[in-house]
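To keep things clear, I will list the structure first and then write my remarks on it.
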Amino acid sequence: MRTGVCYFPEHWPSEDWERDVAAMADAGLEYVRMAEFSWGVLEPERGEFDFEWLDEAVELVGDHGMQVVLCTPTATPPKWLVDERPSIRQEAPDGTVREHGSRRHYCFNSDAYREETERIVERVTERYADSPHVAGWQTDNEFGCHRTVRCYCDDCADAFRTWLADRYGDVDTLNEAWGNAFWSQGYGSFEEVDPPGPTPAEHHPSRLLAYARFASDSVVDYNRLHADLIREADPDWFVTHNFMGRFPTLNAYDVSADLDRVAWDSYPTGFVQDRYDGEASPDQLRAGDPDQVGMDHDLYRSALDRPFWVMEQQPGDVNWPPHCPQPGEGAMRLWAHHAAAHGADAVLYFRWRRCLEGQEQYHAGLRKADGSPDRGYADAARAAEEFAALDGAGHVDAPVAVLFDYDSLWALDAQPHAPDFDYWALQEAFYGAVRSRGVQVDVVPPSADLSEYAAVVAPALHLVSERLADRLTDYVAGGGEVLFGPRTGVKDTENKLRPAAQPGPLAGLVGATVAQHESLPRRLETAVRPVDDSAAAGDDGGASPSLPFRTWAEWLAPGAAEPLYAYDIDGPADGRPAVVANAVGDGSVTYCGVWPGPDLADTLASELLDRADVRRTDPLPDGVRVGYRVGHTWVTNFTSDRLRLPEIDSESLAVDDADRDVVDAAGDSGPGQSADGVVVGPYGVAVVEGDRVDGLRVARP
Ligand code: GLA
Ligand code: GLA
């Protein structure tokens, strides 16, 4: 495991470079990423290239014993190029052109831009093909950032029509597949189909899904162009891309098929503000949410089933969320370890030094504007030192798969049927329940081979083909354990209902159908109770608990399945089954017809883990998570409390908080060890030798 940083030599006088690069090496950093927005500096006029500055910077990094990651500079086409070939610009649905002046203003389907891309990518990759210091390349930068996956220009209209013709063959097949008799939406030819522009009422959901798929495929194609050119120049380089957090419009699994390594950009305190369901707590505003970040770690690791990188790690306060509180003391080290616990092999901080110019002047770096160390620098240096001591930590071998399906996300996004129905948040409700038992999770597409997983969780597998239903049925019959969430098996792969009752082709496996569904605002009651009161009431024989859910309710009609929970509300659903279980072959299935609150989700997840014989911890406190890679177990604390690990003695710690001056929210400070187990400080970390998951307990002192 290694650390690194993103550096922009072109923003600084060359006299500063030596000092900067030496300070990177001093901190133990090993990778320096450069050049992702540098087209205008590398080629100030068409055909006039200036590579000397980058040559010098690459050499300098190499001289200090570090490796360079270079980037194709296509995220920022320079002004002369935009003026010469204005058709490369993106268009919004209403035809508004996305102009030069920020970044990502180009269209993925522009032939003109693909030509220009080939030209610049060939040029920069050839230039460094023999450099011993360049380890690999990042393609472009954050494909789709600033809502740019979907463009609506004429080039996209043409490309969309070609894409439709490839997919459907003839237009009658398209009309049939989408159901275009509705509101007279039938087409006479592919030429008639436009990108979904402004309309009086909402769009046809099948057309929206097709456009979402097409737009994502366009990025896949465009990325492949880069990857091929990079490999042509030097087959020894790795090719990666830096994906984004909780990013909905690009199918990262598809893009990753053309990469050697997957990377992503992690900004925990930003994400809990601008892409979070709910209001962030004070601790989350200081350190983010470990499950929100963790689900992306797991998704991107699973995309190629190999160690991933964090290409940009938040270095301190950032410029783009609504508010920018300073992260908790030590958070920049905590995030690096949390990534490692999820299987990261490298964490690079963004950026080296606070910039004096341009849009990101309010973004911290590891160094202040004057070049002196900022808060993140010591954290990064400490993480680098600790990573070196942990060398040899193995790969993540996750026993549980959570199915993540971009097509279902796009379909539900077209028809959420409730203002607060957010696919990502529903995924996190189930994912968080498994993670709060200390279990490692792969986040995989439904096409993944499931045979090696002890259990599978499918929170909202909305679009289900007959083939997928057969594969899931075989998995269970062969001994697999599955937990389905609500709105599963509702539609076919074109986003159309089937005449059969839901969950459609999964009804046999689930052993029940959905008699009714309802979406519920918060002022209507939403709770379920166990059907078998005596079992649920527990030893003390008290009243059985009422467990809250939210937003979505399905009234289930069990056939072979047995009801586990029934509605407990003052309303028409009262007493009807809400959660059912069915045994099939050597395995079993639980179908949960509601969006579960944390208690119901925890009960269902821990029952699933027990059925599947998966080792788990006691329930972990909110904000505290455990991860393991062969050889080591991480306890990461995203809270301002001090924690105690009663069963762990200091001898078995590979990384501890012992010499951190750990003061918790209550103002108590203390050493990293106590008579009874070890202490983890606020926003702190402990890494324990060996595999300590079974029954691990985390307490508050
Ligand atoms: C926001 C910002 C971008 C980008 C991402 C983080 O969308 O506007 O600058 O950094 O988040 O990945
Ligand atoms: C993204 C981008 C970077 C920068 C940061 C700011 O991750 O890739 O260029 O804008 O956000 O946080």
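Because the structure is a prediction, the values reported are computed rather than measured. As the structure lists them, so they are numbered: ligands from 1, and atoms in each ligand from 1. We use all heavy atoms of the structure for the numbers below, so side chains are in, but hydrogens, waters and symmetry mates are not.
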### Task
Would you mind telling me if ligand 2 is within reach of the side chain of Gln359, the backbone, both or neither, using heavy atoms under 4.0 Å?
neither

### Query
For ligand 2, which atoms have a heavy atom of Phe37 less than 4.0 angstrom away?
9 (O)

### Message
I'd like to know whether Arg33 forms a side-chain contact (heavy atoms from CB on, under 4.5 Å) with Val5, so could you lay out the CA-CA distance, the side-chain angles of the two residues, the decisive distance to 0.1 Å, and finally the verdict.
### Response
CA-CA 6 Å; Arg33 186 194 68 170; Val5 73; over 6 Å; no

### Message
Can you confirm whether Thr96 sits close enough to Glu91 that some side-chain heavy atom of one is under 4.5 Å from a side-chain heavy atom of the other?
### Response
no

## Note on the structure
Here the atoms of ligand 2 under 4.0 Å from any heavy atom belonging to His363 are 6 (C), 12 (O)

### Task
Check each atom of ligand 2 against the heavy atoms of Glu312 and keep those under 4.0 Å away; list them by number with element.
1 (C), 2 (C), 3 (C), 5 (C), 7 (O), 8 (O), 11 (O)

### Message
Show me the pairs that pass side-chain hydrogen bond (donor to acceptor under 3.5 Å, both in side chains) and involve residues 56-68, at least two apart or across chains.
### Response
Glu18-His64

### Query
Polar-atom distance check: Glu36 versus ligand 2, any N or O pair below 3.5 Å?
no

### Task
Taking only heavy atoms of Trp320 into account, list the atoms of ligand 2 that are under 4.0 Å away from them.
6 (C), 12 (O)

### Task
Under 4.0 Å from a heavy atom of Asn141: give me the atoms of ligand 2 that qualify, with their elements.
2 (C), 8 (O), 9 (O)

### Query
Salt-bridged, Arg354 to Asp317, with N to O below 4.0 Å?
yes

### Task
Salt-bridge test for Asp254 and Arg213: reply yes if a basic N is under 4.0 Å from a carboxylate O, no otherwise.
no

### Message
Measuring from non-hydrogen atoms of Arg351 to any atom of ligand 2, is the shortest distance under 4.0 Å?
### Response
no

### Query
Do the side chain of Tyr377 and the main chain of Ala23 share a donor and acceptor less than 3.5 angstrom apart?
yes

### Message
Considering only residues two or more places apart or on different chains, which pairs with a residue in residues 325-342 satisfy salt bridge (charged side-chain N to carboxylate O under 4.0 Å, His left out)?
### Response
Glu329-Arg375, Arg333-Glu386, Arg333-Asp657

### Task
Return a yes/no value for Glu360: is any of its N or O atoms, backbone included, closer than 3.5 angstrom to an N or O of ligand 2?
yes

### Task
Within a distance under 4.0 Å of any heavy atom of Glu142, pick out the atoms of ligand 2 and give their elements.
1 (C), 2 (C), 7 (O), 8 (O)

